[in-house]
Amino acid sequence: RRFCGRFLFCLQSPGDGREVTIEVADFNHFGRELWQEQAAVVSTDGETWTDLGLDRITLVPWTPTGNEAEDASIDDGWHPPYGVRYRLRLTAPVMWIASATPYALGHSEEHLQSLTRRCTFFSLQEIGRTHYTDRHGYSLQMMRVARPGDEGKLRVVVIAGEHPSEVAGMYAAEGLLEELLRSSDVLSDFSFWVIPVVNVDGVA
């Protein structure tokens, strides 16, 4: 792409506590505001993520690519290009830095299977397969949350994960399912049909 919207880096490091600066030269989020970068997170295991913190993030001028055609077209008038510097302390032999917290298909599958084991109101269905490659695709999963005999109840359909790097919706769908597990009284009036990751190929 001509610019960066999200990233995930894995770093091999001495793990001796030294501080390094990583610069992503070509962001162009709308508005060029520091708060838009607060989704940056770090991890020492690739699974558990903590906020990097705005005090460790600095906006800097954009670094042109040197390709005149590319450089002339990167600013569409709405998304001015800029760079972002991240100060990271190397506290482990392998570290990850990302913006925003990654969402993985394995995590989603594990969570959905866990819900079906925990409550009989949760029913997992495969509603199709993707076309990831010519040879294979991935399962498109939908969780149906309903009590028996819900034919006359209002149906709430939730679809998340259209843009795979915008992970907030997928985590929100996960949170909704957890809330339905705790507050099943709402199922007296509604049934829920939740597709937590609709763009499965993109997430893959």
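- By the rule that hydrophobic residues join a cluster once side-chain heavy atoms approach within less than 4.5 Å of another member, I127 and M170 end up as members of one cluster.
- Side-chain atoms of D51 never come within 3.5 Å of backbone atoms of G53 as a donor-acceptor pair (strictly under, hydrogens ignored).
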Problem set entry | Working for side chain to side chain donor-acceptor pair (under 3.5 Å), residues R147 and S188 | CA-CA 8 Å; R147 289 182 173 160; S188 299; 3.1 Å; yes
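- Distance alone, capped at 3.5 Å, is enough to place a donor-acceptor pair between the S43 side chain and the T48 backbone.
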For this session: Decide yes or no on side chain to side chain contact (heavy atoms under 4.5 Å, CB included) for D201 and Y138, but give the supporting numbers first.
Result: CA-CA 7 Å; D201 288 352; Y138 291 98; 3.6 Å; yes
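- Heavy atoms only, all atoms of each residue included: Q141 and P196 are closest at O-CD, 3.8 Å.
- Under a 3.5 Å cut-off, the side chain of D71 and the backbone N or O of G66 do form a donor-acceptor pair.
- With values rounded to the nearest 0.5 angstrom, S99 atom OG is found 10.5 Å from Q36 atom CD.
- When only modelled atom types and interatomic distance are considered, T65 and N67 share no side-chain donor-acceptor pair under 3.5 Å.
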Problem set entry | Derivation and outcome, side chain to side chain contact (heavy atoms under 4.5 Å, CB included), residues F7 and Y86 | CA-CA 12 Å; F7 66 82; Y86 304 89; 3.4 Å; yes
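- In this structure, the side chains of L176 and V194 come closer than 4.5 Å at one or more pairs of heavy atoms.
- Among all heavy-atom pairs drawn from L105 and A204, the shortest one is CD1-CB, 3.7 Å.
- A continuous path of ILVMFWY side-chain contacts below 4.5 Å connects L140 to Y103, so both sit in one hydrophobic cluster.
- Interatomic distance, OG of S13 versus CG of L88, reported as 8.0 Å (0.5 Å rounding).
- In this structure, F121 has its ring center at least 6.0 angstrom away from the ring center of F192.
- Between S191 and K153, the shortest heavy-atom contact is N-CB, 4.4 Å.
- In the hydrophobic clustering of ILVMFWY residues, with side-chain heavy atoms under 4.5 Å counting as a link, W193 and L154 come out apart.
- Taking every heavy atom of both residues into account, V167 and P102 meet most closely at CG1-C, 4.4 Å.
- Between atom OG of residue S114 and atom CD of residue E109 there is a gap of 11.5 Å, rounded to the nearest 0.5 Å.
- Within the model, atoms CD1 of I22 and CG of L52 stand 9.0 Å from one another, a figure rounded to the nearest 0.5 Å.
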Under 3.5 Å, sequence neighbours excluded: what are the donor-acceptor pairs made by side chains of residues 155-166?
| from | atom 1 | to | atom 2 | distance (Å) |
| --- | --- | --- | --- | --- |
| H163 | ND1 | E166 | OE1 | 3.0 |

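- Using a 4.5 Å heavy-atom cutoff, the side chains of V84 and L59 are in contact.
- No donor-acceptor pair under 3.5 Å is formed between the side chain of T63 and the backbone N or O of G83.
- Checked by atom type, the side-chain pair E126/S139 shows a donor-acceptor distance below 3.5 Å.
- Using modelled atom types and a 3.5 Å distance limit, the side chains of E33 and Y82 yield no donor-acceptor pair.
- Side-chain N or O atoms of T116 include none that pairs as donor or acceptor with a backbone N or O of L124 at under 3.5 Å.
- There is a side-chain donor-acceptor pair under 3.5 Å between H107 and E174.
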For this session: Applying side chain to side chain contact (heavy atoms under 4.5 Å, CB included), run through D26 and V24 and close with a yes or a no.
Result: CA-CA 6 Å; D26 57 349; V24 180; 3.9 Å; yes
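- Between T50 and V41, the closest side-chain pair of non-hydrogen atoms is not below 4.5 Å.
- Annotation: salt bridge (Lys or Arg N to Asp or Glu O under 4.0 Å) contacts involving residues 7-25, sequence neighbours excluded, comprise D16-R18, E19-R56, E19-R87, E19-R89, E23-R85.
- Residues M142 and L177 fall into different hydrophobic clusters, defined by Ile, Leu, Val, Met, Phe, Trp and Tyr side chains chained together at heavy-atom separations under 4.5 Å.
- L11 is not listed as a side-chain neighbour of W96, based on a closest heavy-atom distance of 4.5 Å or more.
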For this session: Give the intermediate values and the outcome of side chain to side chain contact (heavy atoms under 4.5 Å, CB included) for residues F27 and E37.
Result: CA-CA 10 Å; F27 266 96; E37 309 310 326; 3.8 Å; yes
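- Ring pair Y132/H136 is tilted by interplanar angle, where 30° to 60° counts as tilted.
- Annotation: side chain of R118 is not in contact with side chain of Q113 (no heavy-atom distance under 4.5 Å).
- Side-chain contact between S108 and L112: present, with at least one pair of heavy atoms (C-beta onward) separated by less than 4.5 Å.
- Here the side chains of Q125 and R144 are in contact, with some heavy-atom distance below 4.5 Å.
- A single hydrophobic cluster is seen to contain both V94 and W49, as judged by linkage of ILVMFWY side chains at heavy-atom distances under 4.5 Å, directly or through other members.
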